[in-house]
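Count residues from 1 along the sequence. FYI, side chains are in, hydrogens and waters are out, and symmetry mates aren't considered; it's all heavy atoms of this structure. Just follow the structure's listing: the first ligand is 1, and inside any ligand the first atom is 1.
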Amino acid sequence: MATTIISAGLDRPKTNARTALDRYGTVARPELAYTAEVAEATAPVYEKVKHLIPEFEWPALAPTVHAINELKKERNAVILAHNYMTPEIYHGIADIVGDSLQLAKEATRADADVIVQCGVHFMAETSKILNPDKTVLIPDMNAGCSLAESITAADVRGLREKYPGVPIVTYVNTSADVKAECDICCTSSNAVQVVESLGAPRVLLIPDQFLAANVARQTDVEVLTWAGACEVHERFTAEELREYRDIEPGVKIIAHPECPPEVVEEADFAGSTAGMIDWVKVNRPEKVMLVTECSMADNIASETPGVDYVRPCNLCPHMKRITLSKVLDALVEMKDEVIVDPEISARARVAVERMINLKS
Ligand code: 13P
Ligand code: SF4
């Protein structure tokens, strides 16, 4: 089925940087020295990142990795990290790593007072929506997302008026305000299932026009969409993929569904970030190109020896705002706290939980 694209708007993240420190109290800022204890405690982490980080650079990173891991205990905090985090975050300090769906599910199980979200703002907001009584911190409040910023709650209300009776599915890459206006949430790993679960002949799937187009190719449901796009994935082209096939014979190409449909069509497999990782682990291709954000290949390379990763990749500037030193600051200063208006949160939770509770 074809997709119909509608137009765009803007939402901003919210901030409340002070109150969590008042509630949790101060801790001493750790000394960052590369001692024998730090070297020993971080040796298993270095094993996983040594293909990327030269030995002489490790003493500059290891003390922060160690300090964060100690502070997590002191603050009773858990770190949820997206698959696009840098390897020192992914392998060094994360308690849980995953795609958006896995992180949302894990957020419901988080057994800690504090969640530090190493990812972008909508992910931290989703954790807060699912854990209204916990403290959710994001190390950089400006870690946004071009998709989340492409649409506002008022835009969704406009769509309801224009398309009465048509169910609205929101990609998880949206603000809480937008989720609160929608019927159900989806991620790239369950979008087809969510769209079909509604039993409607026509569905609005917002705001990613490319995800919507890729879903439309796999279902008989008519999919209407919005003019949003991921600034990382929209830049890949089918022509570039064909060129790589010519210069890298035998390369397997796997793409994220936020890529344009002609890119996905050119790929051997398309799936969420977790789906891509699983595909590489199961199929163990000799040579693979991950058509997505750059940290993905870095993070799984140590777990998939023998697989040769062909670049290119594109960096997500928002994900890359999250750094080890900002995570340390977050835990020392208990900032930046993610706040969601309780009334908005309650309505958004309905859409998120409806997705989580779908039987797969
Ligand atoms: P995943 O749910 O596949 O991890 O995607 C999140 C995202 O932002 C990809 O750009
Ligand atoms: Fe948003 Fe794209 Fe970055 Fe994912 S990769 S957070 S969709 S801008």
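- Contact annotation for C316 and ligand 2: only side-chain heavy atoms (C-beta onward) come within less than 4.0 Å of the ligand.
- Given atom 5 (O) of ligand 1, the protein heavy atom at minimum distance is H256 NE2, 3.3 Å.
- Taking every heavy atom of S100 and a limit of under 4.0 angstrom, the matching atoms of ligand 1 come to 1 (P), 2 (O), 4 (O), 5 (O), 6 (C).
- Considering only non-hydrogen protein atoms, atom 1 (Fe) of ligand 2 sits nearest to C145 SG, 2.4 Å.
- At under 3.5 Å, a nitrogen or oxygen of T273, whether backbone or side chain, sits near a nitrogen or oxygen of ligand 1.
- Neither the backbone nor the side chain of E293 has any atom closer than 4.0 Å to an atom of ligand 2 (non-hydrogen atoms only).
- Atom 2 (Fe) of ligand 2 has an N, O or S atom of C230 inside 2.8 Å of it.
- For T292, no heavy-atom contact with ligand 1 is shorter than 4.0 Å.
- Considering backbone and side-chain N/O of N83, none are found under 3.5 Å from N/O of ligand 1.
- Every atom of ligand 2 is numbered from 1 in the order shown, and the set under 4.0 Å from a heavy atom of E258 is 2 (Fe), 7 (S).
- The atoms of ligand 2 that sit less than 4.0 Å from any heavy atom of N173 are 7 (S).
- Annotation for ligand 1: atoms under 4.0 Å from non-hydrogen atoms of S188 are 1 (P), 2 (O), 3 (O).
- Ion pairing between a basic and an acidic side chain is recognised when a charged N comes within 4.0 Å of a carboxylate O; K48 and E303 show no such pairing.
- For ligand 2 and Y84, the ligand atoms under 4.0 Å from any heavy atom of the residue are 5 (S).
- Proximity of H233 to ligand 1 is established by a heavy-atom distance of less than 4.0 Å.
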